[in-house]
Amino acid sequence: QAQLEESGGGSAQAGDSLILSCAASSRIYSSSVMGWFRQAPGKEREFVALIRWNTGRTLYADSVKGRFTISKTSVNTVHLQMNALKAEDTAVYYCARGSQYATDASSYFAWGQGTQVTVAS
């Protein structure tokens, strides 16, 4: 089972951009779906974006559509480009690996430790 490690979180001002990266410890299988989720304090973990590894097909939450872009740049790395950040984007962001094109967290079986993103208004 590939381990996942996120990087790139930090602090930003509203309107700024950040890019998150998720590196898997081994090659991501072509049938995999890689997802980004986030969890704000006191809230449940919510879906942000996903990418089907073999087709590149993507899906976004309405709250980030047009501002965030998920992409892959190698056999084991997925990115989340976050533009026009808002205070409500503040959360811990998690990378996850699953096999279904799904937005529910229960469909994903491998998770990173998370990286904090804090956006000041």
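Residue numbers count from 1 along this sequence. Just so you know, these numbers use all the heavy atoms, side chains as well, and skip hydrogens, waters and symmetry mates.
- Atom CZ of R45 and atom OG of S106 lie 12.0 Å apart (nearest 0.5 Å).
- The minimum heavy-atom distance linking N83 with S17 is given by the pair OD1-OG, 2.8 Å.
- Within the 4.5 Å cutoff, side-chain heavy atoms of L4 are placed close to those of R97.
- Sorted by first then second residue, the ring-ring contact (aromatic ring centres under 6.0 Å, His included) pairs that include residues 71-102, not counting sequence neighbours, number zero.
- Checking side-chain atoms of R52 against main-chain N and O of T58 turns up no donor-acceptor pair under 3.5 Å.
- L80 and A49 get closest at one heavy-atom pair: CD1-CB, 4.2 Å.
- Qualifying salt bridge (charged side-chain N to carboxylate O under 4.0 Å, His left out) partners for E5, counting only residues two or more places apart in sequence or in other chains: none.
- Linking Ile, Leu, Val, Met, Phe, Trp and Tyr residues whenever their side-chain heavy atoms come within less than 4.5 Å places I70 and W53 in a single cluster.
- A donor-acceptor pair under 3.5 Å is formed between the side chain of E6 and the backbone N or O of C95.
- For the atom pair CG of D89 and CZ of R38, the computed distance is 5.0 Å after rounding to the nearest 0.5 Å.
- In this structure, G10 and L18 approach most closely via the heavy-atom pair O-CD1, 4.1 Å.
- Listed by first and then second residue, the ring-ring contact (aromatic ring centres under 6.0 Å, His included) pairs involving residues 16-52 are F37-F47, F37-Y108, F37-W111 (not counting sequence neighbours).
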Would you tabulate the side-chain donor-acceptor contacts of residues 112-121 under 3.5 Å, counting partners in other chains and residues two or more places apart, or write 'none'?
from : atom 1 : to   : atom 2 : distance (Å)
T115 : OG1    : G9   : N      : 3.3
Q116 : NE2    : A91  : O      : 3.4
Q116 : NE2    : T118 : OG1    : 3.3

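- Y60 is linked by a ring pair (Phe, Tyr, Trp, His ring centres under 6.0 Å) to nothing, counting only residues two or more places apart in sequence or in another chain.
- When each of V78, T77, N76 is checked for a side chain to side chain contact (heavy atoms under 4.5 Å, CB included) with M34, only V78 meets the rule.
- K65 is linked by a salt bridge (charged side-chain N to carboxylate O under 4.0 Å, His left out) to D62, counting only residues two or more places apart in sequence or in another chain.
- The CD1 atom of I28 sits 12.0 Å away from the CG atom of N54 when rounded to the nearest 0.5 Å.
- A distance of 4.5 Å separates CG in L50 from CG in L59, rounded to the nearest 0.5 Å.
- Annotation: the span from S31 atom OG to Q100 atom CD amounts to 11.5 Å, rounded to 0.5 Å.
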